[in-house]
J.: 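My questions will all concern the structure given below.
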Amino acid sequence: MDVLNDIKERLEFLKEMGVIELPISMAPQVKAESVASKDAPLSERVRECKKCALSSERINAVPGAGNAGRGIMFVSMMPAEEEDREGRLFSGKGGELLLLIITGALKMTRDDVYVTNVVKCRGKGGRFPSDAEIRECLPYLEEEINTVRPKVIITLGDGAINALLNRSQGVARLRGKFYSYKGIKLTPIYHPMELVEKPSLKRETHEDIKMIISELNP
């Protein structure tokens, strides 16, 4: 019954997002070493990083993963609790829901996009990173951006968009339009876990995804 309930929950999530066709794969497999080979040195440096206090609070540093072959990079603020524990992306509920957005709304596969965090380590108790910790970690993100050169960066949640644009408004005020980050178009959407807590936001997110698809396929 747990499996059936999980499938039902996923279908309801997609329906509320405005998706009427099922994705090809409801649960694409995530390879442990899905970072492009040219990024392997960066992956190793992230996992061994001790540049700030987060290194003593984390369980695992979590480097980005994917290829951005379809031009999209997702950027969240920091690893989820499950990602910190397992040392890889998409380990928790939020990651599962992001996969549904990728496969259901964007009609892409997991390996079509690149996913990462502004800050690669999770602080004790999931505390928000300090400005100094964000500054220490941003060069890793900038290196990822320079390597994969996405057409569009999609930030997830208030923390990521505020950190990259140096704003304080959050997604509710900034969504629905494109901004520029390092010469690349950037737009925010709500974090997948916010969509679970506030289902009414799913329609707005569906509109944001349609805007992104139009940008990628003019």
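Everything numeric here is computed off the predicted structure, so don't read it as measured data. The basis for the numbers below is simple: all heavy atoms, side chains too, and nothing from hydrogens, waters or symmetry mates.
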J.: Determine yes or no for a side-chain-to-main-chain donor-acceptor pair under 3.5 angstrom, with N67 supplying the side chain and D112 the backbone.
T.: no

J.: Do any N or O atoms from the side chain of E57 and from the backbone of G123 form a donor-acceptor pair under 3.5 angstrom?
T.: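 Looks like no, no N/O pair under 3.5 Å.
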
J.: Run the numbers on V75 and L186 for side-chain contact (heavy atoms from CB on, under 4.5 Å), then give the verdict.
T.: CA-CA 10 Å; V75 181; L186 177 151; over 6 Å; no

J.: If every non-hydrogen atom of A53 is compared with every non-hydrogen atom of E133, which pair is closest and at what distance?
T.: CB-OE2, 3.7 Å

J.: Hey, are the side chains of L174 and D158 touching, using non-hydrogen atoms and a 4.5 Å cut-off?
T.: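 No - every pair of side-chain heavy atoms lies 4.5 Å or more apart.
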
J.: How long is the span from the NE2 atom in H191 to the OG1 atom in T155, to the nearest 0.5 Å?
T.: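 Answer rounded to 0.5 Å: 10.5 Å.
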
J.: Compare all side-chain heavy atoms of L201 with those of V171 and state whether any distance is below 4.5 angstrom.
T.: no

J.: Measure across M211 and T187 and return the closest heavy-atom pair with its distance rounded to 0.1 Å.
T.: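 Result for this residue pair: CE-OG1, 3.5 Å.
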
J.: Answer yes if the side chains of T205 and D208 hold a donor-acceptor pair under 3.5 Å, and no otherwise.
T.: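 No, no side-chain donor-acceptor contact under 3.5 Å.
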
J.: So do the side chains of R149 and Y114 get within less than 4.5 Å of each other, counting heavy atoms only?
T.: no

J.: Using a 4.5 Å cut-off on heavy atoms from C-beta on, say whether the side chain of P150 contacts that of I72.
T.: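 No - every pair of side-chain heavy atoms lies 4.5 Å or more apart.
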
J.: Which heavy-atom pair separates L89 from R110 by the least distance, and what is that distance?
T.: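 Scanning both residues, the minimum pair turns out to be CD1-NH2, 4.4 Å.
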
J.: Is there side-chain contact between M77 and V119, with at least one heavy-atom pair below 4.5 Å?
T.: yes

J.: Looking only at atom types and distance, does a side-chain atom of E83 sit under 3.5 Å from a main-chain N or O of F90, one as donor and one as acceptor?
T.: yes

J.: Is the side chain of D84 donor-acceptor paired with the backbone N or O of I59 at a distance under 3.5 Å, no angle test?
T.: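 Here the side-chain-to-backbone pair exists.
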
J.: Shortest non-hydrogen contact from C137 to K120?
T.: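 Result for this residue pair: SG-N, 3.4 Å.
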
J.: Please check this pair: side chain of R47 against backbone of G87, looking for a donor-acceptor N/O pair closer than 3.5 Å.
T.: yes

J.: Do the non-hydrogen side-chain atoms of I134 and L138 ever get within less than 4.5 Å of each other?
T.: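 When only atoms from C-beta onward are counted, L138 and I134 do touch, with a gap below 4.5 Å.
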
J.: Using a 4.5 Å cut-off on heavy atoms from C-beta on, say whether the side chain of L98 contacts that of V115.
T.: yes

J.: Over all heavy atoms of both residues, which pair between Y190 and L156 is shortest? Give the atoms and the distance, please.
T.: O-CD2, 4.3 Å

J.: Nearest 0.5 angstrom please: L195 CG to S200 OG, how far?
T.: 9.5 Å

J.: Might you confirm whether atom CZ of R167 has over 12 heavy atoms from other residues, nucleotides or ligands at distances under 6.0 Å?
T.: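 Counting other residues, nucleotides and ligands, CZ of R167 exceeds 12 neighbours.
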
J.: In the structure I gave you, are the side-chain heavy atoms of M73 and I145 within less than 4.5 Å of one another anywhere?
T.: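 M73 reaches I145 side chain to side chain.
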
J.: Minimum heavy-atom separation for P188 to Y179, with atom names?
T.: CD-CE1, 4.2 Å

J.: As an exercise, state the distance from CD of E86 to CD of E81, rounded to the nearest 0.5 Å.
T.: 11.0 Å

J.: So does K151 have more than 12 non-hydrogen atoms from other groups sitting under 6.0 Å from NZ?
T.: no

J.: Rounded to the nearest 0.5 Å, what separates atom OG1 in T103 from atom CG in L106?
T.: 9.0 Å

J.: Is it true that a side-chain atom of E144 and a backbone atom of G64 form a donor plus acceptor pair closer than 3.5 Å?
T.: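 Confirmed, E144 side chain pairs with G64 backbone.
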
J.: Quick check for you: to the nearest 0.5 Å, what is the distance between K51 atom NZ and R45 atom CZ?
T.: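 Atom-to-atom, K51:NZ and R45:CZ are 9.0 Å apart.
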
J.: Quick check for you: to the nearest 0.5 Å, what is the distance between M193 atom CE and E96 atom CD?
T.: 10.0 Å

J.: Test side-chain contact (heavy atoms from CB on, under 4.5 Å) on Y140 and T116; report intermediate values, then the result.
T.: CA-CA 10 Å; Y140 290 134; T116 190; over 6 Å; no

